[in-house]
Amino acid sequence: MRREIEKYLKQIESNLYTCPIKKRNVFLRDLRGNIDAYIEEHPNATLPELKSIFGSPEAIAESFLQSDEFATTKQVVSSKKRIIRILIATACILVIAALILGTVYVVDCYKYTHGYAEMEPIQEGFTPPDSDAITSY
Amino acid sequence: MAQLIYDKSIIEMLSLFLLRSEDLYAYEIMKKINSMSRGVLEVQGGSLYPILYKLTDKGLISDRVETFGKRGRMTHVYYHLTPSGESYLQELIARNELVQSGIRNVLTSTEEET
């Protein structure tokens with residue numbers, strides 16, 4: 001039964017993920033004490049019985065989130081999630097942009113270092129088109 | 001069959017009323033509501049806890065932790081009615097009586113009156 005109680009408390013804890021940790025821990029400790037008191041009175045109690053007395057994990061979470069204080073917390077959590085999503089999207093865009101620019105840079109460098117030039121032997125009597133400028137220089 | 005209470009103001013009123021005579025922990029409040037209503041009313045822990053925390057935050061009740069068990073590992077949070085809780089209870093009782101009398105008036109009214 002002890003294992004089932006721990007599982008029940010774990011389920012409640014995971015359902016209350018939006019509650020502040022401190023409040024959640026106070027509640028879980030309080031609930032554990034009350035469950036122990038119930039078990040002392042009813043040693044053969046079953047898990048469904050406990051759920052009917054103290055509520056199912058989902059119902060407990062729902063009643064907590066319905067109260068004003070925890071509803072505010074829920075809003076804070078959802079706005080935090082939104083900010084995190086925006087940050088992740090921005091980071092993704094930056095990474096993609098960096099990849100594109102990096103690729104362009106690498107291709108450019110490759111072309112520069114692995115480029116080629118066509119060389120022709122200069123024939124005798126050949127004068128380049130701007131030979132006057134070269135001569136004056 | 002016991003009726004589950006979900007109405008916050010009723011749970012508040014009954015809890016504060018019970019705390020008037022002695023300090024109790026949540027499970028004791030649940031048990032007393034059930035036994036004193038002769039099995040008619042029942043409050044689930046899930047409904048009671050948020051209300052007790054809200055009343056505590058508002059200063060209408062105070063809490064203290066007491067350890068029990070062999071190694072003192074287990075704890076009970078006892079709730080105590082404060083003076084402001086007492087005046088809030090009076091207000092809740094008065095409001096509830098007014099609502100009850102209003103409901104009674106509606107249910108006992110004849111068709112001519114409507």
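All values derive from a computational prediction rather than experimental measurement. Labels below follow one simple rule: chain letters A, B, ... track the order of the sequence lines, proteins then strands, and each chain is numbered from 1.
Close placement of the A:Y38 and B:Y27 rings is indicated, their centers lying within 6.0 Å of each other.
Contacts between B:V65 and chain A at a heavy-atom distance below 4.5 Å involve the side chain alone, from C-beta outward. Contacts between A:I35 and chain B at a heavy-atom distance below 4.5 Å are absent for every atom of the residue. When heavy atoms are compared at a cutoff of 4.5 Å, A:R32 does not approach chain B at all. Of the two parts of A:E58, neither the backbone nor the side chain holds a non-hydrogen atom closer than 4.5 Å to a non-hydrogen atom of chain B.
Per-residue heavy-atom pair counts under 4.5 Å with chain B were compared for A:D30, A:I60, A:V26, and the maximum is reached by A:D30.
The minimum heavy-atom distance between A:A45 and A:I39, with the atom names listed, is CB-CD1, 4.0 Å. The two residues B:L81 and B:L19 have their closest heavy-atom pair at CB-O, 3.7 Å.
With respect to A:E13 and A:K10, a salt bridge is recorded, a charged nitrogen being found less than 4.0 Å from a carboxylate O.
In this structure, B:I10 CD1 and B:S47 OG are separated by 12.0 Å, a value rounded to the nearest 0.5 Å.
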